[in-house]
Student: 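Take a look at the following structure, please.
What's counted below: heavy atoms across the whole structure, side chains too, no hydrogens, waters or symmetry copies. Residue numbers start at 1 and run along the sequence shown. What you are looking at is a predicted structure, and each value in this text was computed from that prediction instead of being measured.
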Amino acid sequence: MAQPFVKKLSQLPGYEGDGVTFLEEHEAETISSNYVRLPKGQSTTIGNHDDEEEVYIIMGGRASLRLNQTVYEVEFGDVVYIPRDVEHQATCISEEDFEYICVANWPDRIPGQPVHHK
């Protein structure tokens, strides 16, 4: 059974690097969440998940974000929803690091069962 908690993001290992998962899959029923940091010119790997939807909350910097064939420029204060089966990739286009929190959800997951990533 999932238990409530509070964590200080800035105190987790990996925060000063490229990011950290702060809500592990085993800590919740159908979601996980991580903080991602991309330096200028760096990109995330291309993602496409048939069993997962994601929300990005942009915390700093700017990025070129490709969702399927459409490219958006996103920045602090933007919120992005990525449904299942949408190819996505972010590239930092600002001098400052592009930072965001990603919340992933597996709507069909049975709590306590493993999540399969694609």
Student: At what distance, to the nearest 0.5 angstrom, does CD of E87 lie from NE2 of H49?
Tutor: 10.0 Å
Student: Grab the two heavy atoms, one from F22 and one from N34, that are nearest each other, plus how far apart they are.
Tutor: CE2-C, 3.6 Å
Student: Looking only at heavy atoms, what is the nearest atom pair of G61 and S94, with distance?
Tutor: CA-OG, 3.5 Å
Student: Taking side chain to side chain contact (heavy atoms under 4.5 Å, CB included) as the definition, give me every residue that meets it alongside P107, ordered by chain and number, with sequence neighbours left out.
Tutor: E53, R84, N105
Student: Taking side chain to side chain contact (heavy atoms under 4.5 Å, CB included) as the test, write out the residues that go with P83, two or more places apart.
Tutor: Y81, V86
Student: Taking I93 as the starting point, is it possible to reach V80 by hopping between hydrophobic residues whose side chains are less than 4.5 Å apart?
Tutor: no
Student: Using the rule that two of Ile, Leu, Val, Met, Phe, Trp, Tyr join whenever any of their side-chain heavy atoms come within less than 4.5 Å, decide whether V55 and V20 are in one cluster.
Tutor: yes
Student: Could you tell me which residues satisfy salt bridge (charged side-chain N to carboxylate O under 4.0 Å, His left out) with E24, sequence neighbours excluded, listed by chain and number?
Tutor: none
Student: Any idea which heavy atoms bring N68 and D85 closest together, and the distance?
Tutor: OD1-O, 4.1 Å
Student: Applying a strict under-4.5 Å side-chain criterion to I, L, V, M, F, W and Y, I'd like to know whether I82 and I58 cluster together.
Tutor: yes
Student: What closest approach, in Å, do P39 and C92 show between heavy atoms, and which atom pair accounts for it?
Tutor: O-CB, 3.2 Å
Student: Can we call the ring centroids of Y15 and Y35 under 6.0 Å apart?
Tutor: yes
Student: Got a sec, which pairs hit salt bridge (Lys or Arg N to Asp or Glu O under 4.0 Å) with one end in residues 68-80, sequence neighbours left out?
Tutor: R62-E73
Student: For the atom pair CG (L9) and CD (E99), what is the distance rounded to the nearest 0.5 Å?
Tutor: 9.5 Å
Student: If you measure from CD1 on I57 to SG on C102, what distance do you get to the nearest 0.5 Å?
Tutor: 9.0 Å
Student: If you compare all heavy atoms of E16 against all heavy atoms of R37, which two are closest, and at what distance to 0.1 Å?
Tutor: CA-NH2, 4.0 Å
Student: Under the rule for side chain to side chain contact (heavy atoms under 4.5 Å, CB included), what residues qualify as partners of T44, not counting sequence neighbours?
Tutor: L38, Q89, A90, Y100
Student: First locate atom CD1 of I46, then atom NE2 of H88, and finally report the distance between them rounded to the nearest 0.5 Å.
Tutor: 10.0 Å
Student: Just verifying a value: how many Å separate S32 OG and L23 CG, rounded to the nearest 0.5 Å?
Tutor: 6.5 Å
Student: F98 and side-chain contact (heavy atoms from CB on, under 4.5 Å): which single residue from T91, L65, V74 fits?
Tutor: V74
Student: What about M59 and Y72, same hydrophobic cluster or not, with Ile/Leu/Val/Met/Phe/Trp/Tyr joined at side-chain heavy-atom distances under 4.5 Å?
Tutor: no
Student: Applying ring-ring contact (aromatic ring centres under 6.0 Å, His included), name anything that partners F76, two or more places apart in sequence or on another chain.
Tutor: none
